[in-house]
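Questions regarding the structure given below will be posed in turn.
All ligand and atom numbering here is 1-based and tracks the order in the structure.
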Amino acid sequence: MLEIVPLPAFQDNYIWTLRQGGHAAVVDPGEAGPVKQYLEREGLRLAAILATHHHPDHVGGIAELVAAGKVPVFGPKGEPIPAMTRPVAQDDRLEIPELAATFSVLAIPGHTRAHVAYYGLGSLFCGDTLFACGCGRVFEGTPEQMLHSLTKLAALPDETKVYCGHEYTLANIRFARAVDPDNRMLAAREARARKLRDAGLPTLPSTLGEERATNPFLRCAEPAVVESANKYLGARASDPVRVFAAIRDWKNKF
Ligand SMILES: [Zn+2]
């Protein structure tokens with residue numbers, strides 16, 4: 001059975017590692033060290049590298065990993081991914097035969113110009129676009145693009161497991177509670193996440209159902225979120241893009 005393992009990197013990144021039999025694939029290896037150590041310890045051969053976007057904390061380890069042996073490097077067409085051999089775009093499908101795994105590619109621009117997500121095996125690898133109870137900063141796109149990308153991800157089935165790039169969950173929940181104070185599922189989520197962190201465990205993966213119920217950035221049409229955004233703006237706005245832009249701006253300063 002295919003297993004998905006988080007390899008912690010830097011302060012709060014996760015390098016998601018998919019393993020099956022004697023093979024493994026890694027998503028967003030920002031550094032090579034933790035991957036090399038894990039592969040060696042477990043006696044695994046690297047079969048593929050998947051990159052969601054070009055930021056160094058997601059791709060910094062690729063050059064060193066491919067130097068150790070030839071493997072396909074999938075990444076967004078139009079972004080400078082080191083050693084990329086297989087540029088991908090919306091609706092492309094990629095196969096990792098060694099893992100008997102197939103993923104479809106979703107274009108989710110906003111955090112970066114051509115950010116992609118990989119969806120397959122009931123799992124979503126979404127880099128820095130959708131976080132547990134939050135979303136990435138809008139660096140290279142517009143709030144409208146980012147909201148569109150998040151809405152695209154939110155359309156996947158409830159039970160989809162969400163594997164994002166960082167352990168930001170507790171801080172995200174604190175902000176979400178300020179935006180959506182009467183959401184009781186948020187309080188429960190905070191208690192669960194705190195317990196996991198206290199035990200030194202990741203809060204990930206979450207599920208899309210959980211995100212839809214608690215993540216304010218997926219709830220820009222909910223009256224409670226609209227009202228909080230209006231208070232922050234000091235204006236009346238119900239257009240989801242304005243609501244999204246307001247809470248994204250608020251989060252940057254929170
Ligand atoms: Zn990033």
Chi angles and distances behind the side-chain contact (heavy atoms from CB on, under 4.5 Å) call for W250, F175: CA-CA 9 Å; W250 180 5; F175 175 71; 3.7 Å; yes
Set of side-chain hydrogen bond (donor to acceptor under 3.5 Å, both in side chains) partners for K70, sequence neighbours left out: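 side-chain hydrogen bond (donor to acceptor under 3.5 Å, both in side chains) list for K70, sorted by chain: empty.
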Side-chain donor/acceptor of N215 to backbone N/O of G134, under 3.5 Å: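 Checking the backbone N and O of G134 against the side chain of N215, a donor-acceptor pair under 3.5 Å is found.
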Full working for salt bridge (Lys or Arg N to Asp or Glu O under 4.0 Å) between D249 and K253: CA-CA 7 Å; D249 186 60; K253 297 167 184 159; 2.9 Å; yes
Parallel, tilted or perpendicular: rings of H166 and F131 (30°, 60°):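 Answer is perpendicular, since the angle exceeds 60°.
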Hphob cluster co-occupancy, Y168 + M146, side-chain heavy atoms under 4.5 angstrom: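 Shared cluster, no.
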Protein N, O or S atoms under 2.8 Å from the Zn ion (ligand 1):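 With waters ignored, the protein N/O/S count below 2.8 Å is 4.
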